[in-house]
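The block underneath contains the structure these notes are about, expressed in structure tokens.
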Amino acid sequence: MGWNDWIRTVEVEPSLYAADFSRLGEQIEVLLLAGVRIFHFDIGDGHFVEPITIGPIVLQWISPIIHEGGGFVDCHLMTETPEKHFAAIKRSGGDSVTVHYEACPDLSSVVLDARALDLQIGLAFKPETSPAYAAHAALSGRVDMVLVMSIEPGYSGQEFMPEAYDRIRTVRSVLPPQVHVQVDGGIGPENIKSVRDAGASLFVAGSSIFGREDLPRAYRHLIQELA
Ligand code: DX5
Ligand code: ZN
């Protein structure tokens, strides 16, 4: 099982980093019932990005809920030496690891580490990194997915950078169709369709879902914009 089995043409992925952590399990259940298939889980180490976010200790509690509901956990590693965390992520129920281009001088060996643990592997890159370089690294590294950051990684609730559209188009034009393009940061009902039209099929949404009172409604609103 991998990205191509999980994706129903397009997927809106709630970013759990923006959830109410006092009600995390409950919010996940509500979103599973609303039709969410893939949850995005942001791991930040306080080095690659400023904040220390969430990690395997939290993941181990929520992954059984997600898997029982037929879902998957997509882990975005905003960390140095991401491969050091793969085994703990796998043990805690993660299904996929996305590592940063800027943190992986030897991407091929990181990809092998993920495959050895039967984890799907994605490659993310920051707004200031050349999309052509990242896409070519993704091609030669044979990753399953590429994540275009439309904000500076670190925090939820930032504004979408419109320059991301060109980066999405560049990446999409270089990659073969089976490699999905994910976009993360500042996605909401006002821009999700344009992000799709630029070539993305996976949309991470933090505050545009968890910042609303009615989570299923916020999720459905995003889906409807894609219809
Ligand atoms: C931040 C994370 C994002 C974040 C997105 O660096 O990678 O996944 O939670 O949140 P929004 O959708 O609010 O920008
Ligand atoms: Zn993320």
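All ligand and atom numbering here is 1-based and tracks the order in the structure.
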### Task
Give the minimum heavy-atom separation between Lys193 and Glu225, together with the two atoms involved.
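Looks like CD-O, 3.5 Å.
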Which atoms of ligand 1 sit under 4.0 Å from any heavy atom of [X]?
| X | value |
| --- | --- |
| Met78 | 6 (O), 7 (O) |
| Gly157 | 11 (P), 13 (O), 14 (O) |
| Gly185 | 14 (O) |
| Tyr17 | 9 (O) |
| His40 | 8 (O) |
| Val204 | 8 (O) |
| His76 | 7 (O) |

Could you tell me whether a side-chain N or O of [X] sits under 3.5 Å from a main-chain N or O of [Y], the two making a donor and an acceptor?
| X | Y | value |
| --- | --- | --- |
| Ser150 | Gly185 | yes |
| Glu102 | Lys126 | yes |
| Arg172 | Pro176 | yes |
| Ser201 | Val10 | no |
| Asp42 | Tyr155 | no |
| Asp113 | Phe86 | no |

Heavy atom of the protein closest to [atom] (residue, atom name, distance):
| atom | value |
| --- | --- |
| atom 6 (O) of ligand 1 | Gly154 N, 2.7 Å |
| atom 2 (C) of ligand 1 | Asp42 OD1, 3.3 Å |
| atom 4 (C) of ligand 1 | Ser156 OG, 3.3 Å |
| atom 1 (C) of ligand 1 | Tyr155 O, 3.6 Å |
| atom 3 (C) of ligand 1 | Asp184 OD1, 3.0 Å |

### Message
Minimum distance, heavy atoms only, to atom 13 (O) of ligand 1: which one of Gly206, Ser207, Ala19 is it?
### Response
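Nearest heavy atom to atom 13 (O) of ligand 1 lies in Ser207.
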### Task
Could you check Cys75 against Leu77 for side-chain contact (heavy atoms from CB on, under 4.5 Å), going step by step and ending with a plain yes or no?
CA-CA 6 Å; Cys75 300; Leu77 279 74; 3.9 Å; yes
### Query
Out of curiosity, is Gly186 lining ligand 1, as in a heavy atom under 4.0 Å away?
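In this structure, Gly186 qualifies as a contact of ligand 1 - some heavy atom is under 4.0 Å.
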### Message
Between ligand 1 and Ser208, can you find any atom pair, the residue atom being a heavy atom, that is separated by under 4.0 Å?
### Response
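No, that is not the case, since the closest heavy atom of the residue is not under 4.0 Å from the ligand.
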### Task
Heavy-atom distances under 4.0 Å are what count here, so tell me which part of Ala205 touches ligand 1: side chain, backbone, both or neither.
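The part of Ala205 near ligand 1 is the backbone, not the side chain.
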### Query
Any Lys/Arg nitrogen of Asp144 or Arg115 sitting under 4.0 Å from an Asp/Glu carboxylate oxygen of the other?
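Here Asp144 pairs with Arg115 in a salt bridge, since their nearest N and O are under 4.0 Å apart.
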Answer yes if the side chains of [X] and [Y] hold a donor-acceptor pair under 3.5 Å, and no otherwise.
| X | Y | value |
| --- | --- | --- |
| Asp74 | His76 | no |
| Asn4 | His180 | yes |
| Glu11 | Gln182 | no |

### Message
Using a 3.5 Å cut-off on N or O atoms only, is Ile187 in polar contact with ligand 1?
### Response
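No; the residue has no nitrogen or oxygen that sits under 3.5 Å from a nitrogen or oxygen of the ligand.
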### Task
Indicate yes or no: does an N/O atom of Ser15 lie under 3.5 Å from an N/O atom of ligand 1?
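Min N/O separation from ligand 1 is below 3.5 Å for Ser15.
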### Task
Take atom CG of Asp106 as the centre, draw a 6.0 Å sphere, and report whether it contains more than 12 heavy atoms from other residues, nucleotides or ligands.
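Yes - once you tally the heavy atoms of other residues, nucleotides and ligands closer than 6.0 Å, there are more than 12.
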### Query
Do any protein N, O or S atoms sit under 2.8 Å from the Zn ion (ligand 2), and which ones are they?
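Protein N, O or S atoms closer than 2.8 Å to the Zn ion (ligand 2): His40 NE2, Asp42 OD1, His76 ND1, Asp184 OD2.
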### Query
Centres of the Phe125 and His100 rings: under 6.0 Å?
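No, too far apart.
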### Query
Ring centroid separation for Tyr165 and Phe160, is it under 6.0 angstrom?
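Ring centres of Phe160 and Tyr165 closer than 6.0 Å.
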